[in-house]
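Okay, here's the structure, questions in a sec.
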Amino acid sequence: QQPVQSPQAVILREGEDAVINCSSSKALYSVHWYRQKHGEAPVFLMILLKGGEQKGHEKISASFNEKKQQSSLYLTASQLSYSGTYFCGTEYGTGNQFYFGTGTSLTVIP
Amino acid sequence: DGGITQSPKYLFRKEGQNVTLSCEQNLNHDAMYWYRQDPGQGLRLIYYSQIVNDFQKGDIAEGYSVSREKKESFPLTVTSAQKNPTAFYLCASSPGDSLYEQYFGPGTRLTVT
């Protein structure tokens, strides 16, 4: 039931854009996005709820396509500080278990 | 400052010994979680608790046990029955269900030899 993320890894030059996808085989109730630096704890980025909501956070935004059971994270004009592993997290219904995705390693180089 | 503390940061144990990992939060959150992370892997849920004196198994609960006697505390015991206990363990808390973000502690890296 773990959501699948794609791509598994991506390397960008500073200023380039990236899209990370999170797909589920089951209907999603909510989608969380987190970023984790090596050896550190994950840090919350945003939550999206059912209803196709799109949210933004500086140059990082995300969408939630209920029909496709998918969420996408958009990173624009990437900065070196964006490097890390990005995880989506989902719950399939209220009160159910929370699942993190497989992770996407993003490296931004000068 | 409010937050989640996990101790110790690094823990070494001999095979066959039980070990308890501490997790304390002063955020007044109802829900608490324990995750395991292996190198290059995602986070897998071990146990979670949405209220004091109640907890549920996650996908990989075998070989682990928890208690939730106080709202602030959610200790995890790694028992000798856990076949591959060496991993990075993360504790998290949340005000409620999945409508709310999870706040993570700094993690404990457990090495069992």
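Basis for what follows: all heavy atoms, side chains included, without hydrogens, waters or symmetry-related copies.
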Indicate yes or no: at least one non-hydrogen side-chain atom of B/Glu101 is less than 4.5 angstrom from one of A/Met46.
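No; the side chains remain at least 4.5 Å from each other.
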
Do you reckon B/Tyr48 sits in the same ILVMFWY cluster as B/Ile46, going by side-chain contacts under 4.5 Å, direct or chained?
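No, it is not one cluster - the side chains of B/Tyr48 and B/Ile46 are not joined through contacts under 4.5 Å.
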
Only heavy atoms, only distances under 4.5 angstrom. Which residues in residues 6-18 of chain A are near chain B?
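None at all.
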
If you count heavy-atom pairs under 4.5 Å with chain B, which of A/Ser105, A/Gly39, A/Pro42, A/Ala41 comes out on top?
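Going by pairs under 4.5 Å, I would pick A/Pro42.
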
For the atom pair CG (B/Leu43) and OG1 (A/Thr85), what is the distance rounded to the nearest 0.5 Å?
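Result: 10.0 Å between the selected atoms.
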
Are B/Trp34 and B/Leu110 grouped together when hydrophobic residues (ILVMFWY) are joined by side-chain heavy atoms under 4.5 angstrom apart?
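In one cluster: yes.
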
Checking heavy atoms, do the side chain of A/Gln36, its backbone, both or neither come under 4.5 Å from chain B?
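The answer is the side chain of A/Gln36.
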
hydrophobic_cluster_shared for A/Ile60 and A/Phe64, side chain cutoff 4.5 Å:
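In one cluster with A/Phe64: A/Ile60, yes.
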
According to a 4.5 Å side-chain heavy-atom criterion applied to Ile, Leu, Val, Met, Phe, Trp and Tyr, with indirect links allowed, do B/Val78 and B/Val66 form part of one hydrophobic cluster?
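Same cluster.
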
Aromatic ring proximity B/Tyr35/A/Phe100, centre distance under 6.0 Å:
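Between B/Tyr35 and A/Phe100, the centre distance is under 6.0 Å.
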
Flag the pair A/Tyr99 / B/Arg44 as yes when at least one side-chain heavy-atom distance between them is below 4.5 Å, and no otherwise.
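Heavy-atom side-chain distance check fails, nothing below 4.5 Å.
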
Examine A/Phe44 together with B/Phe104 and report whether their ring centres are nearer than 6.0 Å.
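No, too far apart.
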
How far apart are the closest heavy atoms of A/Tyr34 and B/Gln102, and which atoms are they?
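Answer, listing the atom of A/Tyr34 first, then B/Gln102: OH-N, 2.8 Å.
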
Results of side chain to side chain donor-acceptor pair (under 3.5 Å) for B/Thr20 - residues two or more places apart only:
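Side chain to side chain donor-acceptor pair (under 3.5 Å) list for B/Thr20, sorted by chain: B/Thr77.
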
